[in-house]
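In what follows, a single structure is set out as structure tokens and then discussed.
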Amino acid sequence: MAGRQGAQRPNGATQGKICQFKLVLLGESAVGKSSLVLRFVKGQFHEYQESTIGAAFLTQTVCLDDTTVKFEIWDTAGQERYHSLAPMYYRGAQAAIVVFDITNQDTFARAKGWVKELQRQASPNIVIALAGNKADLAQKRMVEYEEAQAYAEENSLLFIETSAKTAMNVNEIFLAIAKKLPKNEGGGPTQSRQSGVKLNNEQTQQSEGGCCK
Amino acid sequence: MAFHPDKCTVLSVTTKRKPIKHNYTLHNHTLEPVSSSKYLGITLQSNLKWDNHIHDITAKANKTLGFLKRNLKTANQNIKDQAYRALVRPKLEYASSVWDPHTKESASKLEMIQRRGARVFCGTWNVNGQHPPISVAKWLQRDDVPPDVRLIRLVGIMLIVYVKDPIVGSVHFVDADYVPTGIMGIMGNKGGVGVRLSINNTSILFINSHLAAHQDEFERRNQDYRDIAAKMKFRQFVPPLTIDEHDMVFWIGDLNYRISGLEIDVVKSMIEHEKFTDLQSYDQLHQQLGRSPDVFPGYMEGKVLFRPTYKYNPGTDEWDSSEKNRIPAWCDRILFKGPGINLLQYREHSELLISDHKPVSASFEVQVKVVDEEKSKRVYEDIMKKLDRLENDYLPQVKLDKTEFTFTDVRFIEPMEHTLTVSNTGQVPVEFEFIEKLDEKSYCKPWMTLSPFKSVIAPGDKCEVQLEVYVDKSSVAHLNSGMDQIDDILVLHLAGGKDFFISFLNILVNGNFIASSFGCSVEALVQMHGPIREIPVAQLVEIEQPGSLLKRDMTQGGRLYAVPKEVWRLVDHIWQYGQKESSLFQQPGLHKEILAIRDCLDTGVPDRIPGSVHSVAEALLLFLESLPDPVIPCSVYHRCLDCSNNFMLCKQVLSQIPECHKNVFVYVCAFLRELLTHAEENNLEVKFLASIFGEVLLRPSKQPSPPSAMGSEHSSARAMAKEEEMKRAAFIYHFLTNDFYE
């Protein structure tokens, strides 16, 4: 509870402030972007998820220790013919999850393309996470963990393998992004001049308390 | 079973604001109507809320908690925990499935907040500018249970707040402020200082003030209080926190209120006899406290059962023996305000002698609100989750019956239509609109119209959007030349309530266009030997490339038509069948016939152009209008207007345009002059033809239409357009009345 609470009055509940961020999901079609969102937001999974034909919008809140992060999630159409529309969706986004399917090397190549495009065209401070989805199908794996990991490190991306089907690491990836996003402290009391003087502290000098003006 | 009427009451549950009151009787005994009643240990309320019950059980549980605290003070954590679970929790949880707290407040009251006792010690001593040469322990360490928070005042106005080490971690938001009320209202010899802090979730404020002196100045003291109360603000907070916004306030200091209305001897004698209660009724502060609405309103004070603390001969316990011979008074006081403050001790410390005042101290037990962090977080997260769910549920949602539309074999000026059904499947009204894609000016291609392109749909309702493809003279050229295709993505944008609740839906449009000689360039047309339908698409694209004519000239020179065969065929047809027809170019043709004429020109069959001569005349105009670059090219348009009053200059302009364009122009003008020779039969007038063909042969390049202006600007734009029209007609007029080669 303590600490940076923005301009909150001290009497009320002491939850932190709410930061709102726009997050966009990008990646080849059928890698599981919508499934990740559905798992994260509603805790559901559909084996036959309809193909997204535009950009669907949902919100979800993540509570960190001192702040509450509210994601505005834009799930986009992965089909190549809609590629030209993607800038409409990632414009102004503070975070992006680039998704690929670990059982399909092409989707990883496409993911790299998205990362490059984001680095070139999106906001310079965008937090990008790389999600290797369908981790439950590890026996059909075509993209090695180490390969993706190395690529992510080179490009300073967060990297997590996820499974929308089993829910593995789904909350975690959003949480990791929430933690990495900058939450600017706007005004308010910074932890108040650490309250007073410790009397039994040996180094403490004579306490100055002069209020006689 | 018999009921005892005295044990029965009537509780009526209704949403009516003015419920009808019946008297119910049992054994001839009218039952008492009540608004809440206890049944099986649960308090039922007529409004079906549970706040009385929750209030009752929290009070009960608190009582038991207090009992445990008093009696299990020395017991270890484990026993306390067991006692709590056995004795307190059941009170809270009894029949909770019935009254399960459903309002946020009730739940949080029960779940998150537990109260914890804390001890506050306040001490005040006007030391009259003396440094203590003696230990102050007797004043500050009087209680067996050491306090958690301690407060002292000393010289001038000084306030120190000490916090016991174990609770330092629970103390936050420490801030201080001061309000001088001394000389001129700015000097600090009188006034107040305040230190505020929060212990867990309770805000506590300590104020030390030294108010105006002198026996009769109690009104000034009251004013000093009001000044401090109004001006003290803790500016660390936004907006700054005032005194009254604190849960608890301890106001201490040399408040300087005196005893008035009694002779000094009487006062001293009452003190000797310890008639403090009687004496207190003459105390200026006591007389006002709780009675005057603007003197320390809401503040309380413990019973003053000690000797006045002022004024002594310093170093003694004797009353002031100076000339002034002051009446003893309770100058030094400790007031408090707020719930959950329990005064334990209020006393003076006469054994400390150095000052003309004696120290006063009070100790309190206060109830501090403690939020159970884990529960609070859980409640918070639950609420956030519920909000998310609500928010997502109330996002606009639509279903489209189709997301892909194919327009097969689109032809020039032949409309084609498909219907898109947008159904609102969500719970909120949806506002939809087709929006532009990035860097595009319009939400769809020029050959397409969407109606409606925006609308609002109520939940459960639907809206049909007509997607119409219509290639007209302005869009045909790009489709012919392959620069454009029947291919587009429409972006349907949904908004509902707030603007950020948006989603996009993509709708694919595709199809093919059947090229037409209408909308081909003069340059391409003169290179086409067969009808356009017989020419491969790739070749069409090639001959539409700028400069294709020059290339062709060099390689296959001599194989060009002088004028496009389509123009020749149309003109020739009118010449043969319509030169004596009246109302030529005036009577509209039939759309169906014009389509047939289009197909005849594009396919080469039948040999004779079908349809009436008026349809052919209209087709000729349309053909000329559809040329991507008009017969008189856009590049010389303005020069033509400038020289429209001089035939020689007009002829000079013509000599500078491409040969094929010039040929068409000369050919059309010659034909029109021919028609005019039959003016007696066909009633054509040269001015009419000049005006009609001025529009068709001369066109400015497509500019973005000037912004629609209002008032005078609008009318001046209209006047300019009119003038241009006259000049165009004047330009053509020269060539209809003179032979080009004269």
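A note on names: the letters A, B, ... follow the listed sequences, proteins ahead of strands, and every chain is numbered from 1.
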Pairwise side-chain contact, A/Cys63 with B/Met384, heavy-atom cut-off 4.5 Å (strictly under): yes
Neighbour count >12 (heavy atoms, 6.0 Å) for atom NZ, B/Lys399: no
Heavy atoms from other residues, nucleotides or ligands near CD of A/Glu80 exceed 12 (cutoff 6.0 Å): yes
Distance, nearest 0.5 Å, that separates CG of A/Leu58 from CG of B/Asp393: 10.0 Å
Non-hydrogen side-chain atoms of A/Lys70 and B/Glu391 separated by less than 4.5 Å: yes
Among A/Arg91, A/Lys42, A/Arg81, residue most engaged with chain B (heavy-atom pairs, under 4.5 Å): A/Arg81
Part of B/Leu400 lying under 4.5 Å from any heavy atom of chain A: side chain
Beyond-backbone contact of B/Leu508 with A/Tyr82, side-chain heavy atoms, under 4.5 angstrom: yes
Side chain / backbone / both / neither for B/Val195 at chain A, heavy atoms under 4.5 Å: neither
Heavy-atom neighbours of A/Lys112 NZ exceed 12 at 6.0 Å: yes
Any donor-acceptor pair under 3.5 Å from B/Asn392 side chain to A/Thr59 backbone: yes
Separation between OG1 of A/Thr61 and CZ of B/Arg389, rounded to the nearest 0.5 Å: 11.5 Å
Shortest non-hydrogen contact between B/Asn506 and A/Tyr89, atoms and distance: OD1-OH, 3.4 Å
Segment of B/Ile435 engaging chain A (4.5 angstrom heavy-atom cut-off): side chain
Side-chain touch B/Asp388/A/Val41, heavy atoms, less than 4.5 angstrom: no
Residue pair A/Leu85 / B/Val491, side-chain heavy-atom distance below 4.5 Å: yes
B/Lys402 atom NZ, neighbour heavy-atom count above 12 within 6.0 Å: yes
Chain A contact via B/Glu440 - which portion, at a heavy-atom distance below 4.5 Å: neither
